[in-house]
Amino acid sequence: MLKKIEHIGIAVKSLESSNELFKKLFGKDHYKIEKVESEGVSTSFFMLGETKIELVASTTPDSSIAKFIEKKGEGIHHIAYAVDDIVAEMDRLKKEGFELIHQQPKDGADNKIICFLHPKSTNGVLVELCQEKK
Ligand code: ZN
């Protein structure tokens, strides 16, 4: 079962200028900046009540974020849902016919292990599952 929206990921060209923009929008600053080397991205997180907003910028020209921005421009990139047991959820969703991008959970930003579902099996929305690291 997916428990709640953990965060919404927004693809941006420049983390620096978008941090300033979203700081003005939210009236509060981000609480962390984190590089995810394996994905070729740099991220920042804003806490809004129970939900977070993650800004994601590419650090290499061939990252999936760079390709996304090239194709679609900046904007909403993914919705991340919190799960208690990511391996069990990956199994369940695979059986339901969803296509997983990763067959094994991997390390994500913000102390999470994560997995993405392919948007072609979820009405065009890139879905991230995330489980808090214990
Ligand atoms: Zn995310």
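Atoms within each ligand, like the ligands themselves, are counted from 1 in listed order. A quick note: this is a predicted structure, and the numbers were derived from the prediction, not measured.
Not less than 6.0 angstrom separates the ring centroid of Phe22 from the ring centroid of His30.
Among the backbone and side-chain atoms of His78, an N/O/S atom is found under 2.8 Å from the Zn ion (ligand 1). The Zn ion (ligand 1) lies at 2.8 Å or more from every N, O or S atom belonging to Glu6.
Taking the Zn ion (ligand 1) as reference, Glu128 places its N/O/S atom OE1 nearest.
Around the NZ atom of Lys133, the shell of radius 6.0 Å holds more than 12 heavy atoms that belong to other residues, nucleotides or ligands.
If you take CD on Glu34 and OG1 on Thr43, they are separated by 5.5 Å, rounding to the nearest 0.5 Å.
Put simply, the angle at the Zn ion (ligand 1) from NE2 in His7 to OE1 in Glu54 is close to 90°, to the nearest 10°.
A heavy-atom distance below 4.5 Å is found between the side chains of Val56 and Glu54.
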